[in-house]
Amino acid sequence: MLSYILRRMLQIVPVVWGVTLIVFLLVHATPGDPALIFLGPDATTDQIEHLRESMGLDRPLYVQYFSWVGGLLVGDWGRSVIDDRDVLGTLLHLFPNTFELLVVSMVVTVGIGIPIGVITAVKRDSLVDQVGRAGALIGLCMPNFWFGLMLMLLLAHRYTLLPVSGRGTFAHLVLPAITLGLPGAATVMRMCRSSMLDVIGQDYVRTARAKGLNERAVIYKHALKNAMIPVITIIGLQLGFRLGGTVIVETVFAYPGIGRFAYQRLLARDVPVIMGNLLLFAGLFCLVNLIVDVMYGFIDPRIRYD
Amino acid sequence: MQDMRAMESEMSRESQSLMQIALRRLVRKRAAMVGLFIVVVVIIMAIFAPWLAPYPPTQQNFRMINQPPQAGYLLGTDHIGRCVLSRMIYGSRISLWVGIMVTFLRVIIGIPLGLIAGYAGGRVDAVIMRLADTFIAFPGILLAISIMAIFGPGLNNVMLALSVVGWPTYTRLVRGATLTLKEIEFVEAGRALGAPVSRIMVHYLLPNMISTLIVFTTLGMATPIVAEASLSFLGLGVQPPTVSWGRMLSEGRRFLRFAPWTTTYTGIAITVTVLGYNLLGDGLRDALDPRLKD
């Protein structure tokens with residue numbers, strides 16, 4: 001198991017290396033270098049030259065790349081062009097806010113997705129099943145930021161039950177967490193339903209029934225446990241995708257996390273922050289996938305890694 | 001060469017009749033037909049927008065600022081007195097175009113890479129797939145926004161950004177299918193008859209994964225629509241005077257409290273369009289699955 005974890009971690013290395021390469025090339029090898037991107041088309045040649053020098057852009061490309069990667073490794077992610085703040089420091093300062101939002105949104109996803117998935121599977125083809133499936137399908141088709149706006153309209157503007165935006169109390173978390181969590185709940189529900197249906201048809205569930213266990217014990221003790229294995233993978237993948245979702249949802253609800261920060265600095269074309277943000281998100285995504293893979297091994301004893 | 005042609009024509013005859021069976025199955029599925037209906041309506045809206053829309057999309061009526069739905073303006077007016085319905089009809093053009101173009105570009109990049117990776121194996125495979133992994137590692141929307149921020153807003157850049165972000169899923173899918181197919185005898189037969197690699201890919205491998213690809217592309221048309229709406233909503237997509245559903249949402253959002261109709265109806269339009277592609281795609285999947293009986 002330990003060797004598997006180590007091997008899996010080693011697999012991340014080329015991907016992370018590729019990520020740094022793409023981020024770097026995106027910013028440096030495109031028409032217009034970072035100084036030009038930041039200053040925009042109206043800048044004078046002097047201004048551009050000056051900024052270029054101070055950003056070290058007059059050096060050869062590969063020198064810049066290696067000095068940048070070297071910096072990344074020792075925690076020097078550069079400084080913002082706008083307010084000269086340390087990029088990594090700012091990101092780490094804002095990250096707990098986003099983490100909090102992610103956790104609560106996962107509670108929404110799991111808390112809604114799994115129970116409804118189980119119920120719709122157990123009561124297959126009933127009215128509950130049909131409503132649940134239709135709801136999930138529509139949930140998957142809605143743009144999540146629009147869904148957020150509709151929630152805002154209904155619960156914050158019309159009935160003033162919840163604050164519109166910002167951060168502070170738990171109430172501030174409710175709307176963004178539902179917005180971020182509900183589409184995922186639809187995916188989890190579908191997965192949970194089909195996985196439960198698979199499991200319910202298996203021999204050992206029939207055996208459990210045949211030996212006279214009551215239906216509740218069959219469903220919750222025997223079936224659910226095994227049905228959860230693919231669901232957990234989906235939940236992990238959801239967490240990865242959701243990192244991108246924070247950009248829009250935090251912007252809509254003016255929630256001060258790394259997603260909204262990323263968006264603001266993108267608009268301001270603050271190149272070092274853009275690069276840091278992309279790296280952080282991609283790194284987190286790799287980390288989440290690693291954790292999911294490792295967890296999979298613990299949950300499903302059938303999987304052997306040697 | 002003669003043998004090869006004969007074998008291939010036999011293969012294509014079979015696949016044609018499979019398509020006919022699939023089509024017959026599809027027509028019988030109510031949900032899929034609803035999906036097809038929605039998609040056709042959006043296409044008609046997009047093509048015939050100038051004839052269908054009651055007003056030009058940018059025509060302002062200053063006595064009708066942020067007015068609720070009423071006779072003459074069936075979906076109300078926006079903050080500078082433009083007809084929401086007309087703008088929605090014109091906006092379908094961008095959604096349709098982005099859906100088609102982005103999917104096309106993703107397919108053009110993703111499928112050849114998948115075929116090459118799967119067929120060549122070894123180091124080529126490793127390099128292509130690690131590249132795909134790397135692109136998948138970025139949250140799609142963030143990478144797209146970053147590309148937009150660097151290249152500047154605009155429709156062409158939206159399509160570029162979304163294609164760069166989405167191709168690896170096609171590569172993964174096609175590679176997986178290629179790995180399975182290349183071990184099957186008919187591919188070996190083609191190779192034995194001296195078919196060059198390109199011919200094996202185009203005439204032997206692709207036709208046998210076409211049903212999976214049809215389903216996947218149909219379902220895949222929906223994601224660029226939502227992504228374009230997201231980018232335009234963030235102010236990075238199409239620029240005025242072009243109308244897109246995302247722009248309408250972004251403009252309507254500022255008046256959400258007082259004039260919610262723009263935001264509400266535009267969002268419904270997006271949701272229904274995406275639903276259409278999904279229903280059609282799901283229906284196609286069932287219809288094209290040879291394991292399912294009628």
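A, B, ... follow the sequence lines: proteins, then strands. Residue 1 opens every chain.
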To the nearest 0.5 Å, tell me how far B:I136 CD1 sits from A:N289 CG.
9.5 Å
B:F216 atom CZ: more than 12 heavy-atom contacts under 6.0 Å:
yes
Should B:F138 and A:L26 count as side-chain neighbours, where that means a heavy-atom distance under 4.5 Å?
no
With a 4.5 angstrom heavy-atom cut-off, is it the side chain or the backbone of A:L284 that approaches chain B, or both, or neither?
neither
As an exercise: rank B:L275, B:T273, B:V226, B:L143 by heavy-atom pairs under 4.5 Å with chain A and give me the winner.
B:L275
Given a strict heavy-atom distance threshold of 4.5 Å, which part of A:V247 is in contact with chain B: side chain, backbone, both, or neither?
side chain
Do you know which two heavy atoms are closest between A:W146 and B:T264, and how far apart they sit?
CZ2-O, 3.3 Å
Highest number of heavy-atom pairs under 4.5 Å with chain A: which of B:S146, B:P260, B:G235, B:G140?
B:S146
Which region of A:V252, side chain (C-beta onward) or backbone (N, CA, C, O), has a non-hydrogen atom less than 4.5 Å from a non-hydrogen atom of chain B, or is it both or neither?
both
Heavy-atom cut-off 4.5 Å, strictly under: side chain, backbone, both or neither for A:M150 against chain B?
side chain
Could you measure the distance from the CG atom of B:L236 to the OH atom of A:Y263? Nearest 0.5 Å is fine.
5.5 Å
What is the distance from atom CD1 of B:I141 to atom CD1 of A:I248, rounded to the nearest 0.5 Å?
4.5 Å
Partner chain B: residue of A:P14, A:G283, A:P143 with the largest heavy-atom pair count (under 4.5 Å)
A:P143
In terms of heavy-atom pairs under 4.5 Å, which option from A:L149, A:V16, A:L140 contacts chain B the most?
A:L149
Contact origin within B:A229 toward chain A - heavy atom pairs under 4.5 Å
both
Counting heavy-atom pairs under 4.5 Å with chain A, which one of B:P153, B:A144, B:P139 comes out on top?
B:P139
Heaviest contributor of heavy-atom pairs below 4.5 Å to chain B, chosen from A:V19, A:L243, A:I138, is A:V19
Could you have a look at B:A227, B:A222, B:A137 and say which one has the most heavy-atom pairs with chain A under 4.5 angstrom?
B:A137
Using non-hydrogen atoms only, which part of B:D133 is less than 4.5 Å away from chain A: side chain, backbone, both, or neither?
both
Just so I know, are the side chains of A:F145 and B:L234 near enough to count as touching, which here means a heavy-atom distance under 4.5 Å?
no
Proximity breakdown for B:L131 and chain A, heavy-atom pairs closer than 4.5 Å
neither
Whatever's closer than 4.5 Å to a heavy atom in chain B on A:L153 counts as both
Is it the side chain or the backbone of A:F147 that comes within 4.5 Å of chain B heavy atoms, both, or neither?
neither
Would you give the length of the straight line joining atom CD1 of A:I274 to atom CG of B:L142, rounded to the nearest 0.5 angstrom?
9.5 Å
